[in-house]
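Working notes for the structure below.
Keep in mind the model is a prediction, meaning the values are calculated, not measured.
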Amino acid sequence: MWENIIYRKEEAVIYRVSKLKLPYIILAVIFSFFILFFSMHIYLRVVYPVKYSDYIDDSIEKTGLSPSLVYAVIRSESGFDPKAVSYVGAKGLMQITPDTLDWVRYRLGEKDTVSEDILFNPQKNIYYGCYILKLLYDEFVNTKEVLCAYHAGFGNVKKWLKNKEYSSDGKTLDVIPFKDTNQYVIKVMRTMEIYREIYGMK
């Protein structure tokens, strides 16, 4: 009998202690959630930065491009390294080749001679890179095809769109025949979504 009474008293004490602790446990869980959320948010802002924003803002104002696209292209192309050089000779933040520089400058009506080292200048590289994207939008309209042309070349995308194996309507690509270009497009478009989610960009 005495054992039962003691046992019940112990149960009651445990129950009261548990009731007292429950709000603190809930608060601890909520606090842990917010710490995790903000830590992840800070981490994503470090991994997906908004460097060179003055130059990018100026260029998107002139070209009408979405900021998420420009940031995503720069991050995917160079990781924001203004001195980056690819194995095909593409240079700078938006990885522009000297031939493409000549092409965009011709389309912009610039006739003076410049050194290809201008591509290592962040402001100039972003300026020309944004105009390349704008000219590609003027031709292809859709972001997927624009990114294909930026990566694989204007001529390749024109050929793919004429091929029924790759395009059923001649305007959009059902299949991207180059594996690395397909992966590039997926990467940039995912990165665009991340920039939109983190910074509320268009």
Side-chain angles (χ1 to χ4, degrees), residues 48 52 55-56 58-82 84-111 114 116 118-196 201-202:
Y48 296 87
Y52 307 104
Y55 302 149
I56 291 172
D58 184 58
S59 290
I60 63 176
E61 186 178 341
K62 292 173 180 174
T63 57
L65 297 173
S66 67
S68 62
L69 170 70
V70 179
Y71 281 108
V73 168
I74 293 174
R75 186 185 184 279
S76 300
E77 289 284 354
S78 69
F80 291 91
D81 178 4
V85 180
S86 76
Y87 71 95
V88 295
K91 299 178 178 181
L93 291 171
M94 298 186 75
Q95 290 291 275
I96 302 168
T97 64
D99 287 344
T100 305
L101 174 64
D102 291 341
W103 174 77
V104 70
R105 293 188 75 249
Y106 171 78
R107 293 292 298 270
L108 289 170
E110 297 179 7
K111 297 179 181 179
V114 296
E116 63 187 51
I118 196 175
L119 294 172
F120 292 124
N121 179 310
Q123 183 176 13
K124 292 293 184 180
N125 190 285
I126 290 168
Y127 170 79
Y128 288 121
C130 285
Y131 267 103
I132 291 166
L133 288 168
K134 181 187 182 302
L135 291 169
L136 294 176
Y137 266 110
D138 291 344
E139 180 66 31
F140 298 113
V141 181
N142 300 310
T143 299
K144 181 174 73 173
E145 286 68 37
V146 167
L147 291 172
C148 282
Y150 195 87
H151 186 265
F154 180 94
N156 278 323
V157 176
K158 293 289 282 186
K159 285 192 294 185
W160 296 343
L161 289 172
K162 291 176 182 177
N163 190 329
K164 292 293 182 183
E165 186 179 348
Y166 305 136
S167 174
S168 56
D169 61 6
K171 296 178 182 178
T172 57
L173 289 169
D174 305 315
V175 176
I176 300 172
F178 289 178
K179 183 179 178 181
D180 57 342
T181 298
N182 185 56
Q183 291 173 340
Y184 173 80
V185 171
I186 292 170
K187 179 181 179 180
V188 174
M189 294 188 82
R190 282 178 180 167
T191 304
M192 286 176 67
E193 289 302 318
I194 292 170
Y195 270 100
R196 287 169 180 167
M201 293 179 179
K202 293 183 179 178

Indicate every side-chain donor-acceptor pair of residues 152-159 with a distance under 3.5 Å to a residue at least two apart or in another chain.
{"from": "N156", "atom 1": "ND2", "to": "A152", "atom 2": "O", "distance (Å)": "2.7"}
{"from": "K158", "atom 1": "NZ", "to": "E139", "atom 2": "OE2", "distance (Å)": "2.7"}

message = Using every non-hydrogen atom in the two residues, find where A84 and Q95 come nearest and quote the distance to one decimal.
response = O-NE2, 3.1 Å
ask   = Looking at L65, V73, L69, V104, which one forms a side chain to side chain contact (heavy atoms under 4.5 Å, CB included) with C130?
value = L65
ask   = Residues two or more places apart in sequence or in another chain: which of them pass ring-ring contact (aromatic ring centres under 6.0 Å, His included) with F80?
value = none
task = Go through the structure and list residues passing side-chain hydrogen bond (donor to acceptor under 3.5 Å, both in side chains) with S59, not counting sequence neighbours.
result = none
Distance in Å, R75 CZ paired with Y195 OH, rounded so as to fall on 0.5 Å steps = 6.0 Å
query = With sequence neighbours left out, what residues match D102 under side-chain hydrogen bond (donor to acceptor under 3.5 Å, both in side chains)?
reply = none
task = Using the test ring-ring contact (aromatic ring centres under 6.0 Å, His included), find all partners of Y127 that sit at least two apart in sequence or belong to another chain.
result = Y131
message = Going by the rule ring-ring contact (aromatic ring centres under 6.0 Å, His included), which residues pair with Y52 if we only count those two or more places apart in sequence or in a different chain?
response = none
task = Taking N125 for its side chain and L119 for its backbone only, find out whether a donor-acceptor pair lies under 3.5 Å.
result = yes
message = Counting C-beta onward and ignoring hydrogens, is there a side-chain heavy-atom pair between L101 and K91 closer than 4.5 Å?
response = no
message = According to side-chain contact (heavy atoms from CB on, under 4.5 Å), who are the partners of P98, at least two apart in sequence or on a separate chain?
response = E116
request  = Please list, chain by chain and in numerical order, all residues satisfying side-chain hydrogen bond (donor to acceptor under 3.5 Å, both in side chains) with Y137, sequence neighbours excluded.
outcome  = T143
request  = Using the salt bridge (charged side-chain N to carboxylate O under 4.0 Å, His left out) rule, collect all pairs that involve residues 160-176, keeping only residues at least two apart or in two chains.
outcome  = none
key: F140 CZ to L161 CG distance, which is reported to the nearest 0.5 Å   = 6.0 Å
key: Between CD1 on residue I56 and OH on residue Y71, distance to nearest 0.5 Å   = 4.0 Å
In residues 182-193, what donor-acceptor pairs under 3.5 Å come from side-chain atoms, sequence neighbours left out?
{"from": "Y184", "atom 1": "OH", "to": "E77", "atom 2": "OE2", "distance (Å)": "2.7"}
{"from": "T191", "atom 1": "OG1", "to": "K187", "atom 2": "O", "distance (Å)": "2.7"}
{"from": "E193", "atom 1": "OE2", "to": "R196", "atom 2": "NH1", "distance (Å)": "2.8"}

ask   = Rounded to the nearest 0.5 Å, how far apart are OG1 of T100 and CD1 of I132?
value = 5.5 Å
request  = Using the test side-chain hydrogen bond (donor to acceptor under 3.5 Å, both in side chains), find all partners of Y128 that sit at least two apart in sequence or belong to another chain.
outcome  = R105, E110
query = Is there side-chain contact between W160 and P177, with at least one heavy-atom pair below 4.5 Å?
reply = yes
Nearest atoms (heavy-atom pairs only) where I96 meets G129 = CD1-N, 3.5 Å
query = Do S167 and N163 touch side chain to side chain, with heavy atoms closer than 4.5 Å?
reply = no
ask   = Any donor-acceptor pair under 3.5 Å linking the side chain of K144 with the backbone of T172?
value = no
Those residues that, when tested against V175, pass side-chain contact (heavy atoms from CB on, under 4.5 Å) (two or more places apart) = Y166
